[in-house]
Amino acid sequence: MPAAPHPGAADPRYSKRLAIVVPYRDRAQHLAQFVPHMAAYFERDKLDQQIAVTVNIVEQKGDMPFNRGRLGNCGYLLTRDSSDYVCIHDVDYLPMWADYSWSPNPARLIWHGLSIGEDRFTFFGAVTLLDNTVFAKVNGFPNCYWGWGPEDRELGFRCRTQGFEIERRDGTYIPLKHPHAGFSAPGVWTEEARRTNELYKKRQPGLQALAGEDGVNNLKFKLVEKKPLATSAGTLKNFWHYIVDLGAPDAS
Ligand code: UDP
Ligand code: MN
């Protein structure tokens, strides 16, 4: 007799296809921990195990300042035809106790383990999840931040101004340590953080209009390569490695 379907099978929270998108460059040690961890996490016996998931490492080519917003937008565009929702995921947070199920509302998945003092109610970064239609409606991330910056704060703003309520899921993650790109000492911004925060301040008066003008709808990029993700143990099913050319800061 065939096994009875799992009670979650008809539940949209567990029957939609998830694309995890990891903006990435030059963090090989983190990636080497992240990849086997994610494979094991989704194999473990719990509700998340039912989710059809792909893990997509989206690597920025070249040595322009890192642009996490553009990489998130690229990841969405590269996966939207084969998924229903997207999770933008930092490479340096490993889920211990988390919830990757679908929601019609944008959701922040991480709380415990965040390494900096964030506001529990407003923080919308590091590991966030959006239905594909929501990501398109809010026009994704701004493309304009080259270097450590507030692209995640603007994404949260875009969600709220489009009327979405942001879900706070207080997942527990293990943070992987790295030198901080935003602060050179406690409370002292690096040069690139100073630049992106100045731009953020300049954008404030027109932030709502800018959300429509600059985002996933006008992103230009080139897909240089797509390959199964290679690890020391071989390639993993449903893990992909994309290399993308984002252009240079002057181009939009
Ligand atoms: N990232 C990366 N290479 C970089 C900078 C950032 O791969 O040179 C990715 C990585 O996924 C990282 C995320 O962007 O987890 C956020 O950057 P970072 O960890 O520097 O920010 P913070 O820890 O301050 O949130
Ligand atoms: Mn980090």
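Atoms within each ligand, like the ligands themselves, are counted from 1 in listed order.
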Quiz item: Under the ring pair (Phe, Tyr, Trp, His ring centres under 6.0 Å) criterion, do Trp97 and His112 qualify, and how do the steps go?
Solution: CA-CA 10 Å; Trp97 190 262; His112 303 288; over 10 Å; no
Quiz item: Do Leu246 and Leu71 touch side chain to side chain, with heavy atoms closer than 4.5 Å?
Solution: yes
Quiz item: Does ligand 1 have an atom under 4.0 Å from some heavy atom of Asp26?
Solution: no
Quiz item: Does ligand 1 have an atom that lies less than 4.0 angstrom from a heavy atom of Pro23?
Solution: yes
Quiz item: With atoms numbered from 1 as shown, which atoms in ligand 1 lie under 4.0 angstrom from a non-hydrogen atom of Trp148?
Solution: 21 (O), 22 (P), 24 (O)
Exercise. Give the numbers and elements of all ligand 1 atoms closer than 4.0 Å to a heavy atom of Asp90.
Key: 11 (O), 13 (C), 15 (O), 16 (C)
Self-check item: Donor on one side chain, acceptor on other, Thr161 and Gln208, under 3.5 Å
Solution: no
Practice problem: Could you check which of Arg27, His30, Arg68 puts a non-hydrogen atom nearest to atom 20 (O) of ligand 1? | Solution: Arg27
Exercise. From the options Tyr24, Tyr93, Phe183, Phe66, select the one whose nearest heavy atom is closest to atom 1 (N) of ligand 1.
Key: Phe66
Quiz item: Out of Arg108, His89, Arg169, which one pairs with Val127 under the side-chain contact (heavy atoms from CB on, under 4.5 Å) rule?
Solution: His89
Practice problem: Could you label the plane-to-plane angle of the Phe183 and His180 rings as parallel, tilted or perpendicular, counting under 30° as parallel and over 60° as perpendicular? | Solution: tilted
Self-check item: Backbone or side-chain N or O of His180 under 3.5 Å from ligand 1 N or O
Solution: yes
Quiz item: Around the Mn ion (ligand 2), how many protein N/O/S atoms fall inside 2.8 Å?
Solution: 2
Practice problem: Taking Arg158 for its side chain and Gly140 for its backbone only, find out whether a donor-acceptor pair lies under 3.5 Å. | Solution: yes
Quiz item: Can we say Arg68 and Asp90 salt-bridge, meaning some charged N sits less than 4.0 Å from an Asp/Glu carboxylate O?
Solution: yes
Quiz prompt | Over all atoms of both residues, closest heavy-atom pair of Val86 and Asn132 | solution = N-OD1, 3.7 Å
Quiz item: When rounded to the nearest 0.5 angstrom, what distance separates OH in Tyr14 from CG in Asp48?
Solution: 6.0 Å
